[in-house]
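The shown structure was predicted, so the numbers you read here are calculated from the model rather than taken from an experiment.
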Amino acid sequence: MAGLRRYFYDAASPECDIGSSALKPAAMFEVRTGISGIAAQYAFPERALEGQTGNTPTFYESYLSQTYAAAVFACYKPPRQCNFNIIKIADLAPDTMAALRWDWHELVALNPELGAVTVDEGEPRELFDALAGAACLLNPDDISFFLEKRRITKNLATSALCLDDPAYRAPYDDICKITGLETISWVPAPSTLCRMKDSLAGPKIT
């Protein structure tokens, strides 16, 4: 059964704690600034994990991590050994690859807006990143931008590479200055940065 599409977080929620494994960065940004329309709201299929079942974003993120992370990351050279370049060294087991693709197709069926996200279904890392982005409640523009940036640069240092671009850095720095935040805890698409900046007239920081 699909989960509800609305999740209610406040400043005390683990999803809004920068040090929490349950962090939903765009949702945290909304809570801290009092603006909306930055994070996404998705329905998630029910999954079983360690004798429990759930369909919340945080539960789904744990499911992805425990089910796929080790196998997917083992397909690529360790990042610190290759300057964070994405270098594939092995294929994912066919049954695991099929399950990863199925999870993405199921999530898109529940959330048609994710159909706008282009995913290379031959790359396990890209499928995993797309699923993890949705579990973090990142909007489709942000997921697409993140995947495209990694696809073009073939590098995992996505945030640093974006901030090297003055056209990206300028609105990013403006948002940090307005909000008092040191950093934005994910990689927003340029269109999301524009929405954030336009919405931040008189933000209420908690």
Set of side chain to side chain contact (heavy atoms under 4.5 Å, CB included) partners for [X], sequence neighbours left out:
| X | value |
| --- | --- |
| Gln81 | Lys77, Pro78 |
| Ser144 | Val117 |
| Asp17 | Ser20 |
| Pro171 | Leu193 |

Which pairs count as salt bridge (charged side-chain N to carboxylate O under 4.0 Å, His left out) when at least one residue sits in [range], sequence neighbours excluded?
| range | answer |
| --- | --- |
| residues 83-105 | Arg47-Asp103, Lys88-Asp91 |
| residues 54-74 | Lys24-Glu61 |
| residues 176-187 | none |

Contacts of Asp173 that satisfy side-chain hydrogen bond (donor to acceptor under 3.5 Å, both in side chains) - sequence neighbours left out: Arg169

side-chain hydrogen bond (donor to acceptor under 3.5 Å, both in side chains) against Trp104, all qualifying residues, sequence neighbours excluded: none

Co-members of the apolar cluster containing Trp102 [side chain, <4.5 Å]: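 Members besides Trp102: none; it forms no cluster.
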
Contacts of type salt bridge (Lys or Arg N to Asp or Glu O under 4.0 Å), residue Glu126, not counting sequence neighbours: Arg151

Pairs meeting criterion ring-ring contact (aromatic ring centres under 6.0 Å, His included) with involvement of residues 127-149, two or more places apart: Phe73-Phe128, Phe145-Tyr168

